[in-house]
Amino acid sequence: MSGYFIPTDFDNDSASFVVPREKTMVRLRVRSGCLTCRKRKVKCDEHRPSCHNCERLSRLCIYSEAIRHRRFSTSNSRPSHQVEKIARQNPTVSHLDNIRNSGSITETSLPDSNFESVIDPMTEPTTGGELEHDLTDANAHFEAGNSGDIVLHCIDSFDSERDLTRMDLSFELGATCIVPSTTSGQAQSSSFAYFLENVEPVFIAPYDMLNWIRVRSYIAEMGSNNSVVAAAISCVEALYDAEKRGQDTANSISLYYIAKTHYTMMLEDELQDLETTLVVTFLLTCFEVTAQQETVSIMMKGEGAFVRRFELLVQQRPWTPVASRIEVWLKLLHAKALRLGGRGLLSAKVNKLLSVEMVPTPGLSHLNCALEAVDILYDSLTAPLFEFYVQTQLVGMQVSGMNRHHRSRCSPEDELDADCVAQHIRKNLRSVWQQRPSILSVSHVDLRGRFTDAQVNDLCSLIDICNAAYFAEVVHLGRAHGEFLALTSEGLEATRQIRTIVDNSWSRTNLVDPGLMSSIFLYGLEAAGDGGSWAVQRVRQINNPLCRSNFAADLLDGVVQEQRKTGHRVDCRYFCMDKFGVSPPFL
């Protein structure tokens, strides 16, 4: 019988952990720590320039006096002598005051100036504590359904050339919200250039790049005509840009709460079409998967406007190809978030509503105006590969359900039940492998000359990812089923196959594809000898901040060393919480 299980009440309907409270504790908060530690609610040693926690987690360490932001004042009681002084110092502020009563400021209303000039020089900077308080208030307002009291912070560091061209300031209910303008479609389409060129969801693009490119253009076109879609695009753009530059993500978090608020209002509109609802849901989920520790999934609720809306959408099946594709992508993101004892992204009810039953998933070639013969052939080869990958991840969700964070493993009866479940999952996994597409056995040499070099490389990478994903689930099942480090012959063969696949991919491209990170991580947890060190090195070579590869490498290194000391498997989630103070990254 497996011996380590930490009891936790798990509410399947709400998909949230319920911890009983005995009495309410009043805790005095220290305001002198860095904003990162205060946001995570952990003790800060206040070391300058970077505290120990931020240094250990490779996070940006910021103290309150270093933040430059303000709250837009919507009061009409500003003294006239202050207005005149501001106008002399900054013509833009005077211009904003003159048209404030019109209800919105479009891109044509703003004079050509640096966006920092919008900042009121008469306003004192908000403290870091107020920033944390307001972000918390924003989330609270979202939960309560209040849309007018969200305040945008940190706008002085926006990229004025990219953000200001499509943003108009709408003053709602005495507060300021920045929402995308819908009056200039051509300008907005061009302003989504960063989204079209750089946004590639790390848990979607490696497995379905061709269809993601198609949907990305489709979403950008929707954003030029729909303010809610544009708001969701804006927050994703801001997050990806900040993560890739290694900058603070406060701006993107503010944009996220604004988009989330407008999304809540949209859910109440029964006339809103299916695709728009799913597109915004997917964009916000992509933000949450990338931000990870900063947000809570919008689909974690078991009731409310979101669930009511999706109950109506389910009655509209069959869905359009774009909606069906997004549905599958949401399930894939949920599978990634379940790994290592995670709670996932979907509540039990939403997970049931988004039941992926259509196999194969409809293709999206109709979004291309013209396809050449080689593109059609390439499409026909990647489609079965994606379906195979989806099937491995659906089985992986069942394997994740065996984790001790999701089911009791305390008694002999629990272990007998786990044995039956493991046998059933193993049977499903073998069935998936027996029905695998034949292209999985095709080599790089066989494809050369039949497609362009770029297509050959992409196709080979997808083949490697799919093969590794299957063998990773074999390893995953063995780890979830037992406590002690003793691989079966099937598990040993799976680890050998994973290492061979990754080494061949490295020798061919001199890169480690982010799509292989989950397989390498699971391999490193179970591999004998130098396998753990090899896996840590390979994960670190991914070097992608969007999938937290460096953090994953540090976690893997720590778990491998701990397992060598104890001689049995170490719970990654509790180890990560104990050593790093946060939940494990998504895999």
Side-chain angles (χ1 to χ4, degrees), residues 203-204 206-211 318 321 324-325 327-336 338-339 351 354-365 376-402 420-444 446-447 450 458-481 488-498 500-502 504-505 513 515-516 518-519 522-523 587:
F203 298 125
I204 297 297
Y207 326 110
D208 202 15
M209 176 62 82
L210 184 60
N211 285 302
S324 299
R325 203 79 182 184
E327 178 186 20
V328 175
W329 288 348
L330 289 173
K331 296 286 280 192
L332 286 180
L333 295 178
H334 178 57
K336 298 297 183 181
L338 282 172
R339 293 280 173 82
N351 186 38
L354 295 178
S355 57
V356 182
E357 299 177 352
M358 291 183 295
V359 178
T361 308
L364 303 178
S365 57
I376 296 174
L377 181 59
Y378 180 82
D379 230 354
S380 65
L381 293 177
T382 56
L385 289 174
F386 177 71
E387 294 303 324
F388 174 81
Y389 181 80
V390 170
Q391 293 304 312
T392 63
Q393 299 311 293
L394 293 179
V395 175
M397 290 172 60
Q398 300 175 22
V399 178
S400 296
M402 291 188 61
C420 294
V421 173
Q423 291 177 9
H424 177 71
I425 295 175
R426 190 171 286 108
K427 181 179 179 180
N428 290 343
L429 197 55
R430 288 172 179 168
S431 176
V432 170
W433 182 249
Q434 290 168 357
Q435 300 177 47
R436 67 189 182 276
S438 57
I439 191 175
L440 283 176
S441 60
V442 176
S443 67
H444 180 268
D446 297 330
L447 294 172
R450 292 174 171 81
D458 291 343
L459 197 54
C460 288
S461 295
L462 184 54
I463 291 173
D464 289 340
I465 289 171
C466 290
N467 279 319
Y470 166 76
F471 293 115
E473 293 307 327
V474 174
V475 176
H476 188 199
L477 177 58
R479 183 174 181 82
H481 188 198
T488 63
S489 58
E490 189 177 30
L492 289 171
E493 175 63 18
T495 57
R496 188 188 68 81
Q497 290 286 352
I498 292 173
T500 300
I501 291 169
V502 176
N504 290 340
S505 175
D513 195 298
L516 292 169
S518 175
S519 301
L522 291 170
Y523 164 88
L587 293 176

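Note that this is a predicted model, so its numbers are computed, not measured.
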Determine whether Gln393 and Val390 satisfy the following criterion, side-chain contact (heavy atoms from CB on, under 4.5 Å), listing intermediate values before the conclusion.
CA-CA 5 Å; Gln393 299 311 293; Val390 170; 5.8 Å; no

Taking the side chain as every heavy atom from C-beta outward, state whether [X] and [Y] have any pair of such atoms under 4.5 Å apart.
X      : Y      : answer
Val474 : Leu429 : yes
Tyr470 : Leu440 : no
Met397 : Asn351 : yes
His481 : Val399 : no
Phe386 : Thr382 : no
Leu462 : Leu381 : no

Could you pull out all residues at least two apart from Asp458 that satisfy salt bridge (charged side-chain N to carboxylate O under 4.0 Å, His left out)?
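Salt bridge (charged side-chain N to carboxylate O under 4.0 Å, His left out) check on Asp458 returns nothing, list empty.
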
Could you give all pairs that pass the salt bridge (Lys or Arg N to Asp or Glu O under 4.0 Å) test and reach residues 431-441, with sequence neighbours left out?
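The answer is none; no pair qualifies.
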
Quick one: are the ring centres of Phe471 and Trp433 less than 6.0 Å apart?
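Here the rings of Trp433 and Phe471 have centres that are less than 6.0 Å from each other.
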
May I have the step-by-step check of side-chain contact (heavy atoms from CB on, under 4.5 Å) for Leu447 and Arg450, ending in yes or no?
CA-CA 6 Å; Leu447 294 172; Arg450 292 174 171 81; 5.6 Å; no

What is the distance from atom CG of Leu385 to atom SG of Cys466, rounded to the nearest 0.5 Å?
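So the CG of Leu385 and the SG of Cys466 are separated by 5.0 Å.
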
Minimal non-hydrogen separation, [X] against [Y], with atom names:
X      : Y      : answer
Leu477 : Ala422 : CD2-O, 4.1 Å
Ala468 : Leu516 : CB-CD2, 3.8 Å
Ile439 : Ile463 : O-CD1, 3.5 Å
Val475 : Leu522 : CG1-O, 3.6 Å

Just by modelled atom types, is the [Y] backbone N or O under 3.5 Å from a matching donor or acceptor in the [X] side chain?
X      : Y      : result
Arg339 : Ser400 : no
Asn211 : Gly363 : no
Thr392 : Ala469 : no

Given side-chain contact (heavy atoms from CB on, under 4.5 Å), test Leu354 with His334 step by step and report yes or no.
CA-CA 11 Å; Leu354 295 178; His334 178 57; over 6 Å; no

Could you check Glu493 against Gln497 for side-chain hydrogen bond (donor to acceptor under 3.5 Å, both in side chains), going step by step and ending with a plain yes or no?
CA-CA 6 Å; Glu493 175 63 18; Gln497 290 286 352; 2.9 Å; yes

Would you please classify the geometry between the Tyr207 ring and the Tyr389 ring as parallel, tilted or perpendicular, with 30° and 60° separating the classes?
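Rings of Tyr389 and Tyr207: parallel, under 30°.
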
side-chain contact (heavy atoms from CB on, under 4.5 Å) assessment of Gln435 paired with Gln391
CA-CA 10 Å; Gln435 300 177 47; Gln391 293 304 312; over 6 Å; no

